[in-house]
Amino acid sequence: MSGQAPQAHDPHAPGPHDPDARGHFGPYGGRFMPEALIGALDELSAEYDKARLDPEFTGEFTRLLREYAGRPSLLTEAPRFAEHAGGARVFLKREDLNHTGSHKINNVLGQALLTKRMGKRRVIAETGAGQHGVATATACALMGLDCVVYMGEVDTERQALNVARMKLLGAEVIPVKSGSRTLKDAINEALRDWVTNVDTTHYLLGTAAGGHPFPVMVRNFHKVIGAEARAQYLEQTGRLPDVVTACVGGGSNAIGIFHGFIDDADVRLVGIEPGGKGIESGEHGATLGEGSPGMLHGALSYLLQDEDGQTTEAYSISAGLDYPGVGPEHAWLKDTARAEYRSATDDEAMHAFRLLSRTEGIIPAIESAHALAGALKLGQELGPEGHILVNLSGRGDKDMDTAAKYFGFYEES
Amino acid sequence: MGRLDPVFARTREEGRGALIGYLPAGFPTVDGSVELLRGMVEAGCDLVEVGVPYSDPVMDGPTIQAAADRALRSGFRLRDLFTVVEAVSSAGGQAVVMTYWNPVHRYGVDAFARDLAAAGGLGLITPDLIPDEADDWLTASEAHDLDRIFLVAPSSSEERIALTTAASSGFVYATAVMGVTGARDAVGGLAPGLVERTRAHTTLPIGVGLGVRSGEQAAEVVSFADAVIVGSAFVARAEAGVESVRELTAELAAGVRKAPSPIG
């Protein structure tokens, strides 16, 4: 392995992996948004461009990550799990241990600080599994901001516990009854709110997608994952992993960890998309694997769509991965072959979900279990000499009802 | 020379504002939408906007969302759009298409422009395409002689209004309120100011849309704008059939003749 010196660069500083001035990663990204929102995106871009260079802002962000979110998160080796992964060594980046239970808190704290800098008092957000909604409600409680979370009606049912958490934190949760009643439609509804209330409201988008500057800004707030993981991997093993793997719905946890290693040419970056009931069944959310270029929610990226350009419905057992779009930088990483994208089915993810619980005493989010399922296969391919870093993006408490139904626990009692 | 220039030349000559009516193609069915749009033309719409039903209409309120959804569920395909435009044009109507950008991108921008022009369509209104991202549409619209109707909003800066009007032809679409489509009791108070700001940058006609549903509101809009654009109110009337749509058209057409157009 080469280039093993710890990277010390500032995750907020502009660099060679930034998009162009109008938000393009290669041909992807940009702003396919109504003119009514361009002013707000310009304002956000200008504020973010100042804030990312302002030591007061980046210092406060770093302080909150440390003293509020509990960073750095641990890097944990998973040897008993690894016995099922061809004997390769498997390490978990423990984003599940962050306050609120997932990586989402990183981005939320950054954007909530920006909201205050812009003098806005109201925050809206979308959520699928509820992790981003809970993190947003948390940051709004911390900073005294009004919070409204849009959540597909299907997801309010399968993630009822997170709905209760958001309400307890003082957020208003609005069930979205249009379209597929999942994450995609929650974003549509949040955008409709934003265009109506843009003067007073910041849309705190939860993934590295949407119109510029969201993809680059959200990525930069999550770069801390990869920066920490790289330093920890070197410290604990004296080398870098062969493969870094993460689940990809919108792609924020993946882009955050990938960026720690993006200049390490020998480190493979592998995103795992939701294979649902199997790619051949047509019921999946494998946007990069099976989709084609198109616009959704403000950016050109890969998209699950029919031949008329209508967005088709994604499916996954995981509410957080159930999304027919994906962040534009992933589209560019795919086209340039810097990253590769595979999928894991519901069954493969649930197998890995139970396996990690029983071998390591760690219950992962079902989202993250897709990355674990990917790691089981990658380990078989790499063999005993292999080193795999998995982004364990969240914890599985929220998924107990889904898991109990899947494994038939309710029937046993 | 824009394709829509004769439409506005005529309304200016008549000393009145233009009435522009919107309805999605394929709503409630492909044939049904042709009948409704022809009714709108016959009863006094100077121009019709044929909407493309789309799965993720983030600029639309519940009325148009439901109509788009119904059109898609009853089997609307993009090729049906050209059938509808052709049917309106051949009946003597003037038609532009209003569409979110992904269906055009997917179809191929040049192919879409070619087929729209062949069907007699005069231009495109693009609610989620800004000129900054529209290079291929600028090229295709020139090649196929179609008008480009971009939108300005109350939140648009002077710089953005200048950029948007410079890229537009036919007319400029001013969104009267900050918000999604849907009939409202009052025309947004932001509209006159937006129209005034826009006039400082262009001699193109300016149409105002979002929220209009009555003849009185139409009269109010054309007292400061060149055209009034009505959408959700037509969609709501479509449920009751073509006669109801004609009645609304007649009321609005009378409305645009009440007040003298400021540049008439």
Side-chain angles (χ1 to χ4, degrees), chain A residues 21-24 27 29-43 176-180 184-185 187-201 203 210-212 291-301 303-313 324-325, chain B residues 52-62 65-66 68-69 71-72 76-81 99-108 112 126-135 150-157 159-161 163-164 172-175 177-182 190 194 210:
Chain A
R22 292 190 297 136
H24 297 103
R31 281 181 181 169
F32 294 88
M33 296 286 257
E35 170 63 25
L37 290 174
I38 300 300
L41 292 170
D42 279 342
E43 179 193 11
V176 175
K177 298 177 197 310
S178 58
S180 60
K184 166 179 86 86
D185 304 282
I187 296 176
N188 289 343
E189 214 51 45
L191 285 168
R192 291 180 186 121
D193 180 316
W194 202 27
V195 78
T196 308
N197 300 298
V198 68
D199 285 346
T200 60
T201 300
Y203 180 12
H212 178 66
S292 53
M295 294 85 181
L296 178 66
H297 297 146
L300 174 64
S301 184
L303 177 65
L304 294 176
Q305 59 183 331
D306 69 14
E307 57 183 29
D308 282 350
Q310 309 287 352
T311 311
T312 52
E313 288 189 15
Chain B
V52 175
Y54 176 54
S55 52
D56 295 276
V58 297
M59 278 293 281
D60 287 307
Q65 282 178 46
D69 192 47
L72 291 171
F76 173 85
R77 296 297 311 272
L78 200 53
R79 59 175 173 267
D80 298 326
L81 173 73
T99 180
Y100 290 92
W101 198 242
N102 195 53
V104 180
H105 178 261
R106 180 70 165 159
Y107 194 90
F112 190 96
T126 52
D128 65 349
L129 183 73
I130 55 175
D132 320 49
E133 297 282 359
D135 287 352
F150 291 106
L151 281 69
V152 291
S155 58
S156 300
S157 64
E159 189 185 2
R160 289 210 56 81
I161 292 176
L163 180 146
T164 303
V172 178
Y173 190 128
T175 52
V177 291
M178 289 302 289
V180 296
T181 57
L190 299 169
L194 174 60
L210 291 189

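Letters A, B, ... mirror the listed sequences (proteins, then strands); counts begin at 1.
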Chemist: Kindly say whether B/Ser55 contributes a backbone atom to a donor-acceptor pair with the side chain of A/Thr311 at under 3.5 angstrom?
Modeler: no
Chemist: Can you say whether B/Ser156 sits under 4.5 Å from chain A via the side chain, the backbone, both, or neither, judging by heavy atoms?
Modeler: both
Chemist: For B/Val104, is it the side chain, the backbone, both, or neither that has a heavy atom closer than 4.5 Å to a heavy atom of chain A?
Modeler: neither
Chemist: Flag the one option from B/Pro57, B/Ser157, B/Pro154 with the top tally of heavy-atom pairs under 4.5 Å to chain A.
Modeler: B/Pro57
Chemist: Could you list the residues that satisfy salt bridge (Lys or Arg N to Asp or Glu O under 4.0 Å) with A/Arg192, not counting sequence neighbours?
Modeler: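 Only A/Glu189 meet the salt bridge (Lys or Arg N to Asp or Glu O under 4.0 Å) criterion with A/Arg192.
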Chemist: So, for A/Ala36 and B/Ala153, which heavy atoms are closest and what is the spacing to 0.1 Å?
Modeler: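 Nearest heavy atoms, A/Ala36 then B/Ala153: CA-CB, 3.5 Å.
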Chemist: Less than 4.5 Å apart, side chain to side chain, heavy atoms only: is that true for A/Leu296 and B/Asn102?
Modeler: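 A/Leu296 does not reach B/Asn102 side chain to side chain.
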Chemist: Could you tell me which portion of B/Asp56 (side chain, backbone, both or neither) has an atom closer than 4.5 angstrom to a non-hydrogen atom of chain A?
Modeler: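 B/Asp56 touches chain A through backbone and side-chain heavy atoms alike.
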Chemist: Less than 4.5 Å apart, side chain to side chain, heavy atoms only: is that true for B/Arg106 and A/Leu303?
Modeler: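 Sidechains of A/Leu303 and B/Arg106: no contact.
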Chemist: Using non-hydrogen atoms only, which part of B/Pro62 is less than 4.5 Å away from chain A: side chain, backbone, both, or neither?
Modeler: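 No part of it gets close to chain A.
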Chemist: Examine whether an atom of B/Thr126 lies under 4.5 Å from a heavy atom of chain A, and if so say whether it belongs to the side chain, the backbone or both; otherwise answer neither.
Modeler: neither
Chemist: Taking all non-hydrogen atoms of both residues, which atom of B/Ser155 and which atom of A/Glu35 are closest, and how far apart?
Modeler: OG-O, 4.3 Å
Chemist: Mind listing the closest non-hydrogen atom pair of A/Thr196 and B/Val180 along with its distance?
Modeler: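 Closest heavy-atom pair between A/Thr196 and B/Val180: OG1-N, 4.2 Å.
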Chemist: Check whether any side-chain heavy atom of B/Glu133 sits under 4.5 Å from a side-chain heavy atom of A/Phe32, and report yes or no.
Modeler: yes
Chemist: What I'd like to find out is whether the side chain of B/Asp132 reaches to under 4.5 Å of the side chain of A/Arg31, using heavy atoms alone.
Modeler: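 Sidechains of A/Arg31 and B/Asp132: no contact.
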Chemist: Could you state the interatomic distance from CG (A/Asp42) to CD (B/Glu159), rounded to the nearest 0.5 Å?
Modeler: 8.0 Å
Chemist: Taking salt bridge (Lys or Arg N to Asp or Glu O under 4.0 Å) as the definition, give me every residue that meets it alongside A/Asp199, ordered by chain and number, with sequence neighbours left out.
Modeler: none
Chemist: Taking all non-hydrogen atoms of both residues into account, name the closest pair between A/Gln310 and B/Leu72 and its distance.
Modeler: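 A/Gln310 and B/Leu72 have their closest heavy atoms at NE2-CD2, 3.4 Å.
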Chemist: If you count heavy-atom pairs within less than 4.5 Å of chain A, which of B/Leu78, B/Asp69, B/Thr175 leads?
Modeler: B/Leu78
Chemist: Might you point out which heavy atoms bring B/Tyr54 and A/Met295 nearest each other, and give the distance in Å?
Modeler: OH-O, 3.7 Å
Chemist: So for A/Asp306, is it side chain, backbone, both, or neither that comes closer than 4.5 Å to the heavy atoms of chain B?
Modeler: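 Only the backbone of A/Asp306 comes within 4.5 Å of chain B.
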